[in-house]
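Okay, so here's the structure we're looking at.
In what follows, every heavy atom counts, from backbone to side chain, and hydrogens, waters and symmetry copies are set aside. Positions are given from 1, in the same order as the sequence printed here.
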Amino acid sequence: MHAGHHSVVLAAMADGIGDLTFASEEWVAQAGQALGAAVEKHAGGLADLGRFTFCEVAHNPPAYLHAGASLAWHAHFGGPSVSVHAGELSPEACDLKIQGDHSIMSNLGRIRFHGRDPMVVAAAQARLQKLSRWEIDGSVPEHPALAAVLRSLHDAMAERTMPRFVWMTPEWVSCARHIVSRRAASEKYADGIKNIVYTFAEEFTDTPRYAFPDGSHGGFWIRCDHGEVTVGAGPLPEGLQPADTLTKGIYTPVVPVGRTVNAAMTDPEKEEQADYTRAAFRREESTGKRPVSQTSPSGKGPMPRELARILVPLHDELSKRTSGELPADYDLDIKPAWALPLSFDRASGYDPSWLCYDEFDIYGEPRR
């Protein structure tokens, strides 16, 4: 039984959904400022630290960044001073070097210590740490002031760091809920939807075991009732049916298209995505059905323009917060021609071996 497991991770995280990709140039710049402020605050305690260097390497960063197979950053401490830079160092140049999967490191980076229940934090860390292969060279010296500085850095960046969740899982839907709820309540949009009653739903069947171990369908739904907006995970509840707009499809073929950041795609990537879509979404000759369909079960028709405006940024913003695995990475039965990794969805050096979903599901529980 996995109901509620996602809540431990979310409960330990900072509020919001972040705005910076872990270990990106913008993230490193902000981390440098936060670390500098923490070092200045604890300068007296750091006077006897000596030199200390650490480096973090995050494999499989989002493809839309065109950053290659990894993102990395490092910091040099020299007593009560510090310098921060993007890029990877060799183990010989570090006192501590940590390597893991970018999605898992992003989610660990969002965990906040201040104001959170230590037991919840420990449970969330333990659950996430099971999901990546780790390479750790060296260690942190036992130094109280340094420990305080590193924890201060972590909490400062937790709010800014974007999480990366598996597509259409409850954690992923929490990001959609944040985006839609905030926009719907803003002065710009609230008045336009105050008389709208409309239900939008997406549902995806044949979900992969590593992400949906109980076999449940993935998806999310949005209900606008006279300006009051609710966003839920999974299929639309029976009491809210029929949906006014329903997208229903098979999970596997939709994932690569569903997590593209359209604003960042190059022309060759757009062409490759179009080729993929033609192959993956073609009508099945035996059944006459397509892997994805959109209908209006209620007969109400298209979404009102005022509500649609609220959802405009949803695709790209959710894609930035979506992890990069494919069901085919973990299920040998999913091997149609179109299931091969494609450059518009992954960097050429993507290495799924950094993820441990073959041993654990996304909640860190052993696979049955």
Side-chain angles (χ1 to χ4, degrees), residues 5-6 8-10 12-24 26-28 31 56-73 98-112 124-125 127-134 154 157-179 208 210-212 218 220 233 255-261 264 313-327 329-330 341 344-347 349-357 360-364:
H5 279 194
H6 66 280
V8 173
V9 173
L10 292 176
M13 286 184 169
D15 296 335
I17 56 174
D19 65 326
L20 299 175
T21 301
F22 176 71
S24 64
E26 296 83 1
W27 187 95
V28 173
E56 290 187 318
V57 183
H59 296 273
N60 304 329
Y64 78 91
L65 292 177
H66 304 106
S70 65
L71 284 171
W73 75 290
I98 300 174
Q99 300 187 64
D101 179 78
H102 188 277
S103 295
I104 306 306
M105 295 179 79
S106 298
N107 293 343
L108 281 165
R110 275 197 58 75
I111 290 178
R112 185 167 186 160
Q125 288 175 320
R127 185 158 290 155
L128 290 169
Q129 286 165 355
K130 292 178 181 179
L131 302 182
S132 176
R133 171 167 64 90
W134 299 95
H154 188 96
M157 295 308 297
E159 187 173 348
R160 301 297 305 272
T161 302
M162 288 193 289
R164 293 187 66 201
F165 296 129
V166 176
W167 192 70
M168 288 291 166
T169 57
E171 297 97 331
W172 184 92
V173 175
S174 72
C175 295
R177 183 177 299 113
H178 179 87
I179 295 168
Y210 73 90
F212 301 87
F220 77 114
V255 174
V257 175
R259 64 185 178 198
T260 53
V261 179
L314 200 58
H315 177 92
D316 278 11
E317 291 302 317
L318 290 175
S319 294
K320 294 174 183 177
R321 296 165 176 84
T322 303
S323 56
E325 74 301 302
L326 286 172
D329 294 331
Y330 311 101
F344 75 82
D345 186 44
R346 286 184 169 184
Y350 190 97
D351 182 3
S353 72
W354 282 101
L355 287 161
C356 297
Y357 291 151
F360 302 97
D361 60 41
I362 64 167
Y363 303 108

Next on the checklist: Using side-chain heavy atoms (C-beta onward) and a distance below 4.5 Å, is Glu171 in contact with Val166?
Outcome noted: no
Next on the checklist: Assess, by modelled atom type and distance only, whether the side chains of Ser174 and His178 contain a donor and an acceptor separated by less than 3.5 Å.
Outcome noted: no
Checklist entry - Of all residues at least two apart in sequence or in a different chain, which pass the ring pair (Phe, Tyr, Trp, His ring centres under 6.0 Å) check with Phe165? => result none
Item to check | Side-chain touch Thr161/Leu20, heavy atoms, less than 4.5 angstrom | outcome: no
Checklist entry - Side chain of Ser319, backbone of Thr260: donor and acceptor closer than 3.5 Å? => result yes
Item to check | Shortest non-hydrogen separation from Ala233 to Arg177 and the atoms involved | outcome: N-NH2, 4.2 Å
Item to check | Closest non-hydrogen atom pair, Ala31 against Trp73 | outcome: CB-CZ3, 4.4 Å
Checklist entry - Quick check: are there more than 12 heavy atoms from other residues, nucleotides or ligands sitting under 6.0 Å from CD of Glu159? => result no
Checklist entry - About how many Å separate CD1 of Ile179 and CG of Leu314, when rounded to the nearest 0.5 Å? => result 5.5 Å
Next on the checklist: Side chains of Thr322 and Trp172: any donor to acceptor distance under 3.5 Å?
Outcome noted: yes
Checklist entry - What's the spacing between Thr169 OG1 and Asp361 CG if we round to 0.5 Å? => result 11.5 Å
Checklist entry - Looking at Trp167, does the NZ or CZ of Arg259 lie under 6.0 angstrom from its six-membered ring centre and within 45 degrees of the ring axis? => result no
Item to check | Heavy-atom donor-acceptor pair, Trp134 side chain to Ser132 backbone, under 3.5 Å | outcome: yes
Next on the checklist: Let me confirm one number: the CD1-OG distance from Ile104 to Ser323, rounded to the nearest 0.5 Å.
Outcome noted: 7.5 Å
Checklist entry - Taking it one step at a time, do Asp345 and Val255 satisfy side chain to side chain contact (heavy atoms under 4.5 Å, CB included)? => result CA-CA 9 Å; Asp345 186 44; Val255 174; 5.6 Å; no
Checklist entry - From Phe360 CZ over to Lys130 NZ, what is the distance, rounded to the nearest 0.5 angstrom? => result 5.5 Å
Next on the checklist: Checking Leu71 against Leu65 for the side chain to side chain contact (heavy atoms under 4.5 Å, CB included) test, could you report, in this order, the C-alpha distance in whole Å, the side-chain angles of both residues, the deciding distance, and whether it holds?
Outcome noted: CA-CA 10 Å; Leu71 284 171; Leu65 292 177; 4.1 Å; yes
Next on the checklist: Using a strict threshold of under 4.0 Å (side-chain N to carboxylate O), is an ion pair present between Asp351 and Arg133?
Outcome noted: yes
Item to check | From OG (Ser70) to CH2 (Trp354), nearest 0.5 Å | outcome: 9.5 Å
Next on the checklist: How close do Pro163 and Cys175 get, counting heavy atoms only, and between which atoms?
Outcome noted: CG-SG, 4.0 Å
Checklist entry - Do Trp27 and Thr21 have side-chain atoms, one donor and one acceptor, less than 3.5 Å apart? => result no
Item to check | Nearest-0.5 Å distance that lies between atom CG in Asn60 and atom CG in Asp101 | outcome: 5.0 Å
Checklist entry - Hey, mind stepping through Asp329 and Arg346 against salt bridge (charged side-chain N to carboxylate O under 4.0 Å, His left out) and telling me if it holds? => result CA-CA 13 Å; Asp329 294 331; Arg346 286 184 169 184; 2.3 Å; yes
Checklist entry - Hey, does the side chain of His102 reach the backbone of Phe22 with a donor-acceptor pair shorter than 3.5 angstrom? => result yes
Next on the checklist: Side chains of Ile98 and Val57, heavy atoms from C-beta outward: is any pair under 4.5 Å?
Outcome noted: no
Checklist entry - What pairs with Arg160 under salt bridge (charged side-chain N to carboxylate O under 4.0 Å, His left out), at least two apart in sequence or on another chain? => result Asp19
Checklist entry - Does the side chain of Lys320 reach to within under 4.5 Å of the side chain of Met162, using non-hydrogen atoms? => result yes
Next on the checklist: Under a 3.5 Å distance rule, please check whether Arg110 uses its side chain to pair with a backbone N or O of Ala14 as donor and acceptor.
Outcome noted: yes
Checklist outcome for this item: Correct closest heavy-atom pair for Pro61 and Gly68 would be CG-O, 3.6 Å
Checklist entry - Tell me, do Tyr363 and Val8 make a side-chain contact under 4.5 Å, heavy atoms counted? => result no
Next on the checklist: Donor-acceptor check, side chain of Tyr350 to backbone of Glu325, threshold 3.5 angstrom: yes or no?
Outcome noted: yes
Checklist outcome for this item: Closest non-hydrogen contact found for Arg321 with Ile17 is NE-O, 3.1 Å
Next on the checklist: Main chain of Arg164, side chain of Asn107: is a donor-acceptor contact present, judged purely on distance under 3.5 Å?
Outcome noted: yes
